[in-house]
Protein chains: 2
Amino acid sequence: MARTKASEIERYSSSDKIEKILQGSKQEFLAHGYAGASMDRVALAAGVSKATIYSHFQDKEGLFKGLIEQLARKRFELIFGAQPLEGEPNIVLPQLLAKALTQMLEDKEFQAFQRVLIGESARFPELAQILFRYIAKPGSEIISQYLASHSELNIPDPDAMVWVLMGSIVHLVIAQEIMHGKDILPMESDRLINSLTYLINQCGK
Amino acid sequence: MARTKASEIERYSSSDKIEKILQGSKQEFLAHGYAGASMDRVALAAGVSKATIYSHFQDKEGLFKGLIEQLARKRFELIFGAQPLEGEPNIVLPQLLAKALTQMLEDKEFQAFQRVLIGESARFPELAQILFRYIAKPGSEIISQYLASHSELNIPDPDAMVWVLMGSIVHLVIAQEIMHGKDILPMESDRLINSLTYLINQCGK
DNA sequence: GTCTATAGAGGGATAGAC
DNA sequence: GTCTATCCCTCTATAGAC
């Protein structure tokens, strides 16, 4: 099957054409979504012919899945690049939240990735689930265990608290940047981080 | 202009064809997004000919905008149907959060609406902003003023706290239902509501 | 392996009859 | 106002030359 072959070739990087195609398809799919993307424009952006694309990927759907999987893998590696969670909660947690939020607010490619993943989650549920399997779940487990291991924080339900923290900052990115809500209902990230930090501190009192 | 005419006719409901077209377009656009929607299928679902659609709406884009505006107006009325926020915070706030979350978790049409709004927020930023202008902003102001007026709650930044509350429950809906994350990283709504309630209570101590 | 050229289907939009 | 029939374009995907 073409998709399988493409994945293997790409993993061992025996062809640069595959990488050019994925780069071109990234531009196209992240800008226009799945249905709005054109294979002609992918070929143009990648600098190859359409037939070359179809020799490496089964069809438009296979290319889209290949791209999303590659992008998810890259994000996964970014998470792993983070240092393990250690130290004083009063310092570590605000820093972690602020860093995660700032990075998401600045990273336009991540925002486009998130937009497409949500927008196509009816057509491709399994692709949306990749985000949870490889990024949200590992990340939330690390934070949850950190919260649970620091009993002085006195957090009754660490797993649920992670959803509060994660939800607050992810939703801010979706609302302010992805949906362009900052012009209508603005909120500074510092104020959100400060409030979350304050809430955590209040638990230990 | 056809779109203006359509809006006026629809507002004074002088034609039932318009309503049928909007109904048909709702099925189509909410299921497939803007680019994935077909005007042929809209006509089929609405039970009218394609030419009739184009006699009431300028083009595909005008129909899409008309639909989104109508849906936003309906949601706006749902918000206004809610009783004003009064009473004991320990009772009112958990009830409000639980009711809002439950309604969003059960309302598949709202989830599809939200999915399309996010998915098309690059192509139609002004449509995504409707959600904040007519739903999120009025709602958040009511809650923020309620939090601020109850000084015994001792909340340092009510506006930011609203983002925590709103973000936590909206993100849960996006993650669990819209993106189908509940199979990978489940979270019961009760636990989230309980944690949010607990956090608010801790502020007053 | 990669290209050009094209097939074949379906898209949005409209002309003209009624 | 609404329909049928159709235009023209872009789309995905492939055949065949090199």
Just distance, no hydrogens or angles: give the donor-acceptor pairs under 3.5 Å from side chains in residues 134-143 of chain A, sequence neighbours left out.
{"from": "A:Ser140", "atom 1": "OG", "to": "A:Ala136", "atom 2": "O", "distance (Å)": "3.2"}
{"from": "A:Ser140", "atom 1": "OG", "to": "A:Lys137", "atom 2": "O", "distance (Å)": "3.1"}

Report summary line: side chain to side chain donor-acceptor pair (under 3.5 Å) pairs touching residues 39-51 of chain A, sequence neighbours excluded, are A:Glu28-A:Arg41, A:Asp40-A:Lys50, A:Ser49-A:Thr52

Query raised in the report: According to the side chain to side chain donor-acceptor pair (under 3.5 Å) rule, which pairs have a member within residues 91-104 of chain B, sequence neighbours left out?
Result: none

Report task. State whether the number of non-hydrogen atoms from other residues, nucleotides or ligands found under 6.0 Å of B:Glu126 atom CD is greater than 12. Result -> yes

In whole angstrom, what separates [X]'s [atom1] from [N]'s [atom2]?
X	N	atom1	atom2	answer
B:Ile18	D:dG1	CD1	C1'	11 Å
B:Leu63	C:dA13	CG	P	10 Å
A:Asp16	C:dT2	CG	P	8 Å
B:Lys20	D:dT2	NZ	C1'	11 Å
B:Ile53	D:dC3	CD1	C1'	13 Å

Query raised in the report: Taking only side-chain nitrogens and oxygens of A:Thr52, does any of them come within less than 4.0 Å of OP1 or OP2 of C:dC3?
Result: yes

Report task. Would you please confirm or rule out a distance under 4.0 Å between OP1 or OP2 of D:dC3 and any side-chain N or O of B:Ser49? Result -> yes

Query - Qualifying salt bridge (charged side-chain N to carboxylate O under 4.0 Å, His left out) pairs with a residue from residues 157-183 of chain A, counting only residues at least two apart or across chains - result: A:Lys108-A:Glu177, A:Asp157-B:Arg191, A:Asp159-B:Arg191, A:Glu177-A:Lys182

Requested in this report: Only counting residues at least two apart or in another chain, list the ones meeting salt bridge (Lys or Arg N to Asp or Glu O under 4.0 Å) with B:Lys26.
Outcome: B:Glu109

**Report entry** B/S/- contact track for nucleotides 7-18 of chain D, protein heavy atom under 4.0 Å
**Finding:** ----SBBBB---

